[in-house]
Participant: 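Just passing along the structure, written as C-alpha cells.
Ligands are counted one by one from 1 in listed order, and the atoms in each one are counted from 1 as well. What's counted below: heavy atoms across the whole structure, side chains too, no hydrogens, waters or symmetry copies.
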Amino acid sequence: MERIDLFPTSFFSFKNTAIDNVKVINDLQRYSDKLKTGNIISSLHSLHDKPEFTELFDWFNSCLEQVRIVEKYDCDRFEITNSWFNVALARSTMAINFHRHSMSFFSAVYYLTEGAPTFFEDPVIHRTQAQIEVLRFEYSPVEKIYPEPGKLIIFPSWMYHYSAPHLENFDRYIISFNSLPSGRVNYQIASDSKAYLNLKEFPND
Ligand SMILES: [Fe+2]
C-alpha cells in the first residue's frame with residue numbers, strides 16, 4: 001500500500017541563536033504604554049518599524065522571502081503589515097483564545113522565551129466536524145508547537161490557533177506579525193486575477 005497525502009498544510013520553522021532575546025524583552029518594555037489586557041497582555045504598538053528591532057525584523061523578512069521563493073509564490077514579496085508582542089505573566093494561567101489572523105496571508109510567532117505551547121487546529125473541517133468520527137491512535141485534531149527562544153514559526157493566517165495556560169515561574173514572551181503580498185501579485189501566472197499592491201505603513205502606530 002502506498003499512502004498519498006494530498007493538500008497538506010505547510011508550516012515553516014526557523015531558528016536564530018544570534019538574537020539576544022533578553023535584550024529584546026528589555027527593549028519591548030518601552031512599548032508597554034499601550035496595552036490590551038484580557039486573557040493575555042498584548043502590545044498595541046507595531047514593532048516592525050521601530051529602530052530597536054531592525055535586526056530582528058530583517059531576519060523575519062529574510063525568512064518570509066525564503067518561504068516565498070521555496071514555495072514559488074507569484075508575488076514580488078511578502079511584506080510585514082502589523083506586529084506586536086504578547087506577555088503571559090509567570091504562573092498566571094494567561095492564555096490566548098482560539099483565533100485566526102484576518103487581513104493577513106502569512107502570520108508568524110517568534111518565541112523569546114519558553115513556556116506554554118501554541119496549539120494549531122486541523123484545518124480540514126470536514127474531518128474535525130464530521131458527525132461520525134472514528135478515533136485514531138496517531139491522529140489529533142490539534143498539534144502543538146513548543147516555544148524555544150529564537151524559534152520563528154511562519155504559518156498560513158487562516159490556521160486557527162490558541163496558546164495553553166501559562167503555568168511556569170517566568171513571563172512568557174512572544175512577538176507576532178502579519179504579512180500581505182505586495183508589488184506585482186499573480187502577474188506571471190494569472191491573466192485576470194492579478195493586482196499591483198502598494199502597501200503603506202499604518203500611521204501613528
Ligand atoms: Fe495568533
Participant: Students often mix this up, so state it plainly: with edges at 30° and 60°, are the rings of W59 and F14 parallel, tilted or perpendicular?
Facilitator: perpendicular

Participant: State which residue, out of H101, E143, E121, fulfils the side-chain hydrogen bond (donor to acceptor under 3.5 Å, both in side chains) condition with H161.
Facilitator: H101

Participant: So, N61 versus H48: side-chain donor-acceptor pair below 3.5 Å or not?
Facilitator: no

Participant: Can you list the protein N, O or S atoms less than 2.8 Å from the Fe ion (ligand 1)?
Facilitator: H99 NE2, H101 NE2, H161 NE2

Participant: A cation-pi test, strictly: NZ or CZ of K144 under 6.0 Å from the centre of the six-membered ring of F119 and no more than 45 degrees from its axis. Yes or no?
Facilitator: no

Participant: Can you tell me if K15 has over 12 outside heavy atoms packed within less than 6.0 Å of its NZ?
Facilitator: yes

Participant: Please name all residues satisfying salt bridge (charged side-chain N to carboxylate O under 4.0 Å, His left out) with K200, sequence neighbours left out, ordered by chain then number.
Facilitator: none

